[in-house]
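A short worksheet on the structure shown next.
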Amino acid sequence: MTDILGELEARRDVARLGGGERRIEAQHKRGKLTARERVALLLDDGSFEEFDMFVEHRCTDFGMQDQKIPGDGVVTGWGTINGRVVYLFAKDFTVFGGSLSETHAQKITKVQDMALKNRAPVIGVFDAGGARIQEGVAALGGYGEVFQRNVLASGVIPQISVIMGPCAGGDVYSPAMTDFIFMVRDTSYMFVTGPDVVKTVTNETVTAEQLGGASVHATKSSIADGAYDNDVEALLQMRRLVDFLPSSNTADVPQLPSFDDDGRVEASLDTLVPTNPNQPYDMKELIRKVADEGDFFEIQEGFAKNIIVGFGRVSGSTVGFIANQPMALAGVLDSDASRKAARFVRFCDCFGIPLVTFVDVPGFLPGTAQEYGGLIKHGAKLLFAYAEATVPKVTVITRKAYGGAYDVMSSKHLRGDMNYAWPSAEIAVMGAKGAVEIIHRQSLDNPEEIEKRTKEYEDRFCSPFVAAERGYIDEVIMPHSTRKRIVRALFMLRNKELQNPWKKHDNIPL
Ligand code: HXC
């Protein structure tokens with residue numbers, strides 16, 4: 001018996017060594033952790049249970065029958081993050097460069113199936129060279145099986161991808177269909193075709209970093225939802241993110257003990273909005289002052305900075321914050337901001353996370369660049385996302401809510417549940433100057449007249465009261481009591497029930 005036990009331990013030791021000491025050392029030299037080190041950091045101590053440690057590939061081409069490594073390049077299993085179950089797979093770059101074989105794919109699909117059946121998040125850690133070249137079409141089939149499951153799980157369980165090394169070919173499309181992608185700066189990159197192919201086809205010379213590093217995907221392409229300096233920071237932040245997420249679309253949002261006062265009054269908010277309507281201020285200050293303990297997990301911080309999205313908690317429960325940011329492009333809605341916020345709103349709606357929206361928006365960004373780039377459709381995505389959302393929706397207009405952007409930003413007309421405005425709110429079809437230039441076009445050569453009319457327009461329309469008179473605003477509130485009002489509104493909306501008409505699925509303007 002002792003021999004058998006000893007043999008099991010010996011086989012486990014071999015599997016744990018992956019591609020061997022030399023390759024592990026090479027991995028460390030590049031500033032990367034191994035798959036097993038990553039799993040250990042991501043999960044609660046001692047909570048990891050591994051599946052399929054002894055699985056080997058079945059390929060017999062190219063001499064592969066003599067090159068078998070138990071585990072076949074991916075570590076899979078389940079564990080807990082702060083006590084909550086998650087399933088995960090982590091590509092092991094030390095084994096055939098983490099490339100995907102038929103059996104490697106089967107290990108991943110097993111975890112995906114278990115996560116979907118048992119309704120818990122699935123986290124994929126990527127560090128891989130794409131399809132196992134020696135297996136050819138069997139690897140393509142394997143990817144297809146993974147992709148199909150990504151789609152079926154979408155909107156049912158949260159799916160998170162963490163890119164911690166190369167990620168090319170088949171390995172980019174699975175992350176692309178998950179809810180969030182995070183990268184590590186300088187050691188990870190993602191592209192469909194690498195620099196060599198790019199050079200051959202388009203004659204462009206680019207490095208891997210220029211083509212698909214975190215610096216590209218977290219700021220330009222918006223493929224990545226965030227980037228971190230190293231593996232350790234990335235994994236610790238994933239633990240933080242999971243704490244915000246419900247386990248599935250039928251589970252409640254996590255309720256954590258809050259040490260913050262629900263009735264906390266923030267006098268400084270009374271002076272957050274500057275007297276000059278064209279002067280910017282930092283909307284993140286409002287988010288932090290409303291969220292429990294100021295804890296805010298921002299999504300896509302480096303992309304479309306004119307809108308802020310991310311998770312926080314109110315009274316211990318997760319909420320999604322969406323806010324125009326006057327510090328960037330005056331908070332205007334453009335194509336990028338609309339897409340970014342639309343995707344976030346839809347994620348929250350899938351998983352029952354209430355939406356808290358802070359509005360200070362001068363409208364949609366004019367210009368040929370935007371129009372040629374499809375602003376109408378991109379703007380419509382955000383409009384569509386808010387309009388279809390059935391989760392509790394609380395909106396606070398702090399300053400400008402002009403034109404179509406007023407409607408879009410979780411307005412009463414899109415079934416906003418509680419729509420508040422600060423006394424500084426200006427809810428109008430457009431700014432006073434533009435409005436007067438149109439209405440009083442004949443007086444344009446009389447500056448005094450224009451000034452008088454502008455003042456008149458501002459006094460009458462650039463306030464929260466015209467909208468409040470119509471019931472579009474439920475109440476004009478004091479800025480200092482914003483947290484208290486949001487806490488109470490969300491408490492009141494806890495049992496909200498609202499269903500859209502039956503449909504196979506909607507046809508959001510993609
Ligand atoms: C088999 C692979 C492999 C692969 C890497 N290796 N990629 N083995 N299939 N796809 C092996 C290498 O042979 C090497 O083995 C080890 O992994 C480490 O690779 P290196 O090249 O030494 O590492 P590095 O210099 O860091 O380069 C990493 C890399 C490069 C950029 C990922 O290996 C690379 O370009 N690989 C090929 C990428 C690729 O073209 N993949 C196919 C994509 S097509 P040893 O034994 O020396 O340690 C695809 C189609 C799917 O994915 C589409 C579905 C929709």
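Start at 1 and go down the list; that is how both ligands and their atoms are numbered.
Here the shortest heavy-atom distance to atom 55 (C) of ligand 1, taken over Y189, F93, Y143, F147, belongs to F147. Nearest to atom 10 (N) of ligand 1 by heavy-atom distance, out of G194, A131, G97, is A131.
Closer than 4.0 Å to atom 25 (O) of ligand 1 lies at least one heavy atom of the protein. Protein heavy atoms are absent from the space less than 4.0 angstrom from atom 34 (C) of ligand 1. Under the 4.0 angstrom criterion, atom 14 (C) of ligand 1 counts as lacking any protein heavy-atom contact. Proximity of atom 30 (C) of ligand 1 to the protein is not indicated, since no non-hydrogen protein atom lies closer than 4.0 angstrom. Protein heavy atoms come within 4.0 Å of atom 17 (O) of ligand 1.
Interface atoms of ligand 1 facing G130, defined by a heavy-atom separation under 4.0 Å, are 52 (O).
No close placement of the H104 and F96 rings is indicated, their centers lying 6.0 Å or farther apart. In this structure, the ring of F126 has its center no less than 6.0 angstrom from the ring center of F93. Checked against the 6.0 Å centroid criterion, the rings of H413 and Y406 qualify as a close aromatic pair.
For atom 6 (N) of ligand 1, the nearest non-hydrogen atom of the protein is F96 O, 3.7 Å. Protein heavy atom nearest atom 46 (O) of ligand 1, with residue, atom name and distance: R23 NH2, 2.9 Å. Given atom 9 (N) of ligand 1, the protein heavy atom at minimum distance is I133 N, 3.1 Å. The protein non-hydrogen atom at the shortest distance from atom 51 (C) of ligand 1 is G170 N, 3.4 Å. Nearest protein heavy-atom neighbour of atom 32 (C) of ligand 1: G129 CA, 3.6 Å.
In this structure, Y173 has no heavy atom closer than 4.0 Å to ligand 1. The shortest heavy-atom distance from F62 to ligand 1 is not under 4.0 Å.
With a heavy-atom cut-off of 4.0 Å, R30 touches ligand 1 through its side chain alone. Contacts of D171 with ligand 1, taken as heavy-atom pairs under 4.0 Å, are absent altogether.
Between the S410 side chain and the T395 main chain, no donor and acceptor come within less than 3.5 Å of each other. Under the 3.5 Å distance criterion, the side-chain polar atoms of K107 are matched with a main-chain donor or acceptor of G71. Using modelled atom types, no side-chain atom of R119 and backbone atom of S247 make a donor-acceptor pair closer than 3.5 Å. At distances below 3.5 Å, at least one donor-acceptor pair connects side-chain atoms of N118 with backbone N or O atoms of M114.
The salt bridge (Lys or Arg N to Asp or Glu O under 4.0 Å) with E388 is formed by just one residue from the set R415, K503, R346; it is R346.
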Practice item. Any chance you could lay out the salt bridge (charged side-chain N to carboxylate O under 4.0 Å, His left out) test for R343 and D225, step after step, and finish with the verdict? Key: CA-CA 11 Å; R343 183 157 166 79; D225 293 288; 5.6 Å; no
**Study point:** Intermediate values then yes/no, ring pair (Phe, Tyr, Trp, His ring centres under 6.0 Å), F344 and F321
**Key:** CA-CA 9 Å; F344 183 73; F321 285 105; 9.3 Å; no
